[in-house]
Amino acid sequence: MNVFKYLRDVVASEIEAISAAGDLPADLDTSNVNVEPPREVSHGDAATNAALVLAKQARCKPRDIAEMLSPRLLARDEVVAVDIAGPGFVNLRLADGFWQDRLRDVLVAGADYGISNIGEGRAVNVEYVSANPTGPLHVGHGRGTVFGDVLASLLTHVGYNVTREYYINDAGAQVDVLGRSVHLRYREALGEEIPAEAYEGAYPGDYLVPVGQALATKHGDKFQASPEGEWLASFCGDAVDAMMNYIRDDLAALGVRHDVFTSERALVERGQVDTAFAALEADELIYTGVLEPPKGKPPPDDWEPRPQSLFRSTGFGDDVDRPLKKSDGSWTYFATDIAYHADKVSRGFLDMIDVWGADHGGYVKRMGAAVKALSGGEAALDVKLCQLVKLLDGGEPVRMSKRSGQFVTLRDVVDRVGKDVVRFIMLTRKNDAALDFDLTQVTEQSRDNPVFYVQYAHARVCSVFRNAAAEVPAAAFTPAKLAAAPLDRLTHPAELDLIRRLAAWPRVVEAAALAHEPHRLAFYLHDLAADFHLLWNKGKEEPAVRFIVADDTEITRARLALISAVTVVIAAGLGIFGVEPAKEMR
RNA sequence: GCGCCCGUAGCUCAGCCGGAUAGAGCACUUGAUUCCUAAUCAAGGGGUCGCAGGUUCGAGUCCUGCCGGGCGCACCA
């Protein structure tokens, strides 16, 4: 149950009742009426803005509406106190029993707690990673990868029908560079000395060595000295396949799996770009024009004004119209990307999310414009930009040099700290804020390490259950049996605070999903862990609030129910993150 | 020059599609500390939410203009 949604409905129905009684106008629009947790805890458990929102419509003072509303709310079983505050907020304090029932909800729902159906089965396409197949993934890719993967899980969790997609950019000039780089490695594998300068402008990384060797085995010296035209296409194809295998391995090591891989090259070969182009042309959204060089910046050396095919993206919120064809007549990346998004729309996706690196920010408007144009305004594209990851080790920046081909790959990091740590840490910041990733700190057992902090809460509960099992058979502690525990014994303020936190989970999940902001779950889990650890620490000073009370099996059962619910929610959250909850930490 | 993102406590950051006296951790100050696991705990000080306007019952949040930082700016992807 989303408590605040429930209370919103309660408030709305009481408003209707007041209208029905003739004390307020009929047919008030209550869509803006909200019930939220107050920022200030002393204001109670929930607050509604109903009186403020409806005052204008009802043509009376907010306070008058609040006066009518509050006795009705107070009359309800779950409400124990109502007060009117500030300009007309109605603050509610809910009965302990209401919260204890919410704890029971958690236990009964178990792993399903927090799932909802706000997505109503709608199809959503989440495109993420989409790294160029020219080498292994680096740490920066890792952030977008985890972000997209977890966002996809989150949307699935709230009832969307999610497709996880990877766009393989295997059609551009860089793939030719890759093919040539591999050819160099191929010649090397055949025993040729290749001078280092040959790798200027090529991909120098060692990861291409085995690819060259494999091609030497496959072809012998057949292409060693032959002209590029004879081998380039085939080498590119094999190189891309090899790179995609690397990337798939990297993804697998991170626990990431896509439903669909779409090849740009295949898209072009099937003529889908021509189709998309023709469709836009038919709508008179393409014309031949000459672009001005950007102002305030010296134009590129090879700038020449020339007529080219332009998409009228300015008609859809972009700043300038964008070219679709290069001077050699081939499609621009934008053109193929239009076709790709048209393809997604034709597959039934009206909701699309693309996860990109922040360096592609300048591209957002034109893509959004294209999606609007090609779908007749039906489809929505939300582009999530992920900022840089600053890799540190013990507070010192880790040097990465792409030029030399020496850079820390995502795989290096996953192998060093584990996939669970990488996944969690990548979500400890908002996607559009830069993220520090300290290889040392993230594996320390300290409060500074959010992964540990959350995992430790889970492990601590597991430990309590191991201790409890020494006295009572573990079978007594199934969630179903714990749901029948006397939860009304849980009256300590810290216990009720913990329950309130648990009860907030469904709301947090929904809000995070709607905002496309999975990082909110990480902050929630941290807060939940903090509430739990607080309660634990109380037990140090006040033995009476410890979870296991030797001579009181009933309170023990109730408290085990409470902390069991903590593991349910932590496990649910970590489950969305694709992180395994820890049973013990030693 | 234009566009996008960011600007919140000394530091790192939250702030839930406008809500009440803006929060947390670190650091700092003070006190406690033979503990169900082994991150010690509790309390306290600390703010012109970059600046200036505007929108309204109400703005860190929305709009406009500046300032500062990052990214991008035909024919790369």
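Below, chains carry the letters A, B, ... as their sequence lines are ordered, and counting in each starts from 1.
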Checklist entry - Is a donor-acceptor pair below 3.5 Å formed from side chain A/Asn537 to base B/rC35, judging by atom type as modelled? => result no
Next on the checklist: Can you see whether A/Asn431 engages A/Gln387 through a side-chain donor-acceptor pair at a distance of less than 3.5 angstrom?
Outcome noted: no
Checklist entry - Once the angle between the rings of A/Phe311 and A/Phe316 is folded into 0 to 90°, is it parallel (under 30°), tilted (30 to 60°) or perpendicular (over 60°)? => result parallel
Item to check | Nucleotide of B/rU37, B/rA39, B/rC71 approaching A/Asp359 most closely (side-chain heavy atoms) | outcome: B/rC71
Item to check | B/rU30 versus B/rG45 - spacing of their C1' atoms, nearest Å | outcome: 10 Å
Item to check | Sugar-phosphate only, base, or nothing, as touched by A/Ile548 at under 4.0 Å among non-hydrogen atoms | outcome: base
Checklist entry - Which dot-bracket notation, 5' to 3', represents the base pairing of RNA chain B when pairs are defined as Watson-Crick or G-U with both distances under 3.5 Å, crossing pairs as [ ], and inter-strand pairs as |? => result (((((((..((((.....[...)))).(((((.......))))).....(((((..]....))))))))))))....
Next on the checklist: I'd like the P distance from B/rG69 over to B/rC76, given in whole Å.
Outcome noted: 32 Å
Next on the checklist: Using 30° and 60° as the class boundaries, would you call the ring planes of A/Tyr167 and A/Tyr340 parallel, tilted or perpendicular?
Outcome noted: parallel
For nucleotides 26-31 of chain B, print each protein N/O atom paired with a nucleotide N/O atom at under 3.5 Å, atom names and distance only.
none

Checklist entry - Got a salt bridge between A/Arg501 and A/Asp497, using NZ or NE/NH1/NH2 to carboxylate O under 4.0 Å? => result no
Next on the checklist: Between B/rG44 and B/rC36, how many Å separate the two C1' atoms, rounded to a whole number?
Outcome noted: 30 Å
Next on the checklist: Quick check: A/Phe477 with A/Phe465 (ring centres under 6.0 Å apart)?
Outcome noted: yes
Item to check | Spacing of the P atoms in B/rC41 and B/rG58 (rounded, Å) | outcome: 43 Å
Checklist outcome for this item: Among B/rA77, B/rU37, B/rA74, the one nearest any side-chain atom of A/Asn169 is B/rA77
Please write out each protein N/O paired with an N/O of nucleotides 11-19 of chain B under 3.5 Å, distance rounded to 0.1 Å.
| unit_1 | atom_1 | unit_2 | atom_2 | d |
| --- | --- | --- | --- | --- |
| B/rC13 | O3' | A/Arg429 | NE | 3.3 |
| B/rA14 | OP1 | A/Lys430 | N | 3.2 |
| B/rG15 | OP1 | A/His519 | NE2 | 3.2 |
| B/rG15 | OP2 | A/Lys430 | NZ | 3.4 |
| B/rC16 | O2' | A/Arg520 | NH1 | 3.1 |
| B/rC16 | O2 | A/Arg507 | NH1 | 2.7 |

Item to check | Between A/Trp331 and A/Phe277, ring centroids under 6.0 Å | outcome: yes
Item to check | P atoms of B/rU61 and B/rU21, separation to the nearest Å | outcome: 15 Å
Item to check | C1'-based separation of B/rC63 from B/rU55 [nearest Å] | outcome: 7 Å
Item to check | Nucleotide nearest A/Pro294 when distance is taken to its side chain, options B/rG3, B/rC35, B/rA74 | outcome: B/rA74
Checklist entry - Should the pair A/Asp531-A/Arg500 be classified as a salt bridge under the 4.0 Å nitrogen-to-oxygen rule? => result no
Checklist outcome for this item: Assign each of A/Leu385 and A/Gln174 the nucleotide of RNA chain B bearing its closest heavy atom; nearer the 5' end lies the nucleotide of A/Leu385
Next on the checklist: Taking B/rC28 as the reference, what is the distance to B/rG46 when you measure between their C1' atoms (whole Å, please)?
Outcome noted: 9 Å
Checklist entry - Taking atom types as modelled, is there a side-chain donor on A/Arg306 or A/Gln308 under 3.5 Å from an acceptor on the other? => result yes
Item to check | A/Ser463 and A/Glu584: side chain donor to acceptor below 3.5 Å | outcome: no
Item to check | Side chain of A/Phe452 - closest among B/rA39, B/rA74, B/rA42 | outcome: B/rA39
Checklist entry - Taking for each residue the nucleotide of RNA chain B bearing the nearest heavy atom, is the 5' side occupied by A/Trp331 or by A/Val364? => result A/Val364
Item to check | Polar side-chain atom of A/Thr30 near backbone of A/Val33 as donor-acceptor pair, under 3.5 Å | outcome: no
Checklist entry - Less than 4.0 Å between a side-chain N and a carboxylate O, is that true for A/Lys384 and A/Asp354? => result no
Checklist entry - Parallel, tilted or perpendicular: which fits the ring planes of A/Phe523 and A/His519, with parallel below 30° and perpendicular above 60°? => result perpendicular
Next on the checklist: Closer than 4.0 angstrom, basic N to acidic O: yes or no for A/Lys5 and A/Glu510?
Outcome noted: yes
Checklist entry - Can you find an N or O donor on one side and an acceptor on the other, under 3.5 Å apart, linking the side chain of A/Asn91 with the base of B/rA20? => result yes
Item to check | Face-to-face stacking of A/His533 with B/rA39, centres under 5.5 angstrom, angle under 30° | outcome: no
Checklist entry - What about A/His360, does its side chain sit under 3.5 Å from the base of B/rA77 through a donor-acceptor pair? => result yes
Checklist entry - To the side chain of A/Tyr456, which of B/rU40, B/rU37, B/rC36 is closest? => result B/rU37
Checklist entry - Quick one: which of B/rA77, B/rU40, B/rU56 gets closest to the side chain of A/Lys56? => result B/rU56
Item to check | Nucleotide nearest A/Tyr453 when distance is taken to its side chain, options B/rA77, B/rA39, B/rU37 | outcome: B/rA39
Checklist entry - Say you pick atom P in B/rG65 and the same atom in B/rC73; how far apart are they, in whole Å? => result 24 Å
Next on the checklist: What's the closest nucleotide to the side chain of A/Arg460 if the choices are B/rU37, B/rC4, B/rA42?
Outcome noted: B/rU37
Checklist entry - Under 4.0 Å: is that the gap between some side-chain N or O of A/Ser463 and OP1 or OP2 of B/rU37? => result yes
